[in-house]
Amino acid sequence: AQTVTQSQPEMSVQEAETVTLSCTYDTSESDYYLFWYKQPPSRQMILVIRQEAYKQQNATENRFSVNFQKAAKSFSLKISDSQLGDAAMYFCAYRRGGGGTSYGKLTFGQGTILTVHP
Amino acid sequence: DTGVSQDPRHKITKRGQNVTFRCDPISEHNRLYWYRQTLGQGPEFLTYFQNEAQLEKSRLLSNRFSAERPKGSFSTLEIQRTEQGDSAMYLCASSPQGLAGPNTGELFFGEGSRLTVL
């Protein structure tokens, strides 16, 4: 079974600084997708960034970028120029490749609470 | 479109009572998912619908749990004879059909229904 581990229960960063959240995963699959989701307090979870395992290039979305190390099974999220609105719980998630029922069946990590200090 | 909506947002019940949660997905999404999130943990997959068909159920979904999606629109999740261990946030998510393109793997979550069993 696939597992996703986030070893940092909490992280903090000063506004405008950079922070990196860590995630490791375990799988025997070669085709899969990785995601970072953000869950603000009392609000719905939203997708931050996704990475296809077959792509060597690291995904970027504005201030968010990932460091995908497939051999090491590591998938970290870097947030640059942190803003107060970035404060949330961040979840790393894994999905098997292919279709069918695996499409939306995500395996989540335990989450990292990010605090942004003004 | 207002996104995925869930009702009620909070439910407090006594052990042994039945509860029902409703989820209204984004209207053009034919896939609907239920996840359970306990405090300080990541969401765990419960079940998945494509249109009105329930295609997969997790082993976490005991026989006290039942989910339906009549007519392929809204979905309900019923828990019978609630136990204190059922206390959690129940998250609903939806996604459009299709494996390619920018929507690959992205789930659109509701704000969740928090259940407290006394």
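The model shown is predicted, which means the values in this text are computed figures rather than measured ones. Within every chain, numbering begins at 1; the chains are lettered A, B, ... in the order of the sequence lines, protein sequences first and strands thereafter.
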Measure E44(B) against the heavy atoms of chain A and call it side chain, backbone, both or neither at under 4.5 Å.
neither

Go through the atoms of R114(B) and report whether side chain, backbone, both or neither lie under 4.5 Å from a heavy atom of chain A.
neither

Between CD of Q41(B) and CZ of F91(A), what distance do you get to the nearest 0.5 Å?
8.5 Å

Distance check, rounded to the nearest 0.5 Å: R95(A) atom CZ versus L107(B) atom CG?
9.0 Å

Is it true that atom [atom1] of [X] has more than 12 heavy atoms of other residues, nucleotides or ligands lying nearer than 6.0 Å?
| X | atom1 | answer |
| --- | --- | --- |
| R43(A) | CZ | no |
| R15(B) | CZ | no |
| L60(B) | CG | yes |
| K73(A) | NZ | yes |

Nearest heavy-atom approach of P43(B) to M45(A) is CG-CE, 3.6 Å

Here the pair of heavy atoms bringing E56(B) nearest to K105(A) is OE2-NZ, 2.5 Å

Counting N and O atoms only, with roles assigned by atom type, does the side chain of Y33(B) sit under 3.5 Å from a partner on the main chain of L106(A), one being a donor and the other an acceptor?
no

Are Y48(B) and L46(B) linked, directly or through intermediate hydrophobic residues, by side-chain heavy-atom contacts shorter than 4.5 Å (ILVMFWY only)?
no

Is it the case that one hydrophobic cluster holds both Y25(A) and V66(A), taking links as side-chain heavy atoms less than 4.5 Å apart, direct or via other members?
yes

Applying a strict 4.5 Å limit to non-hydrogen atoms, the region of T107(A) in contact with chain B is neither

Can you tell which part of Q6(A) gets under 4.5 Å to a heavy atom of chain B, answering side chain, backbone, both or neither?
neither

Please test V4(B) against Q44(A) for side-chain contact (heavy atoms from CB on, under 4.5 Å), starting from the C-alpha separation and ending with a verdict.
CA-CA 9 Å; V4(B) 178; Q44(A) 67 263 51; over 6 Å; no

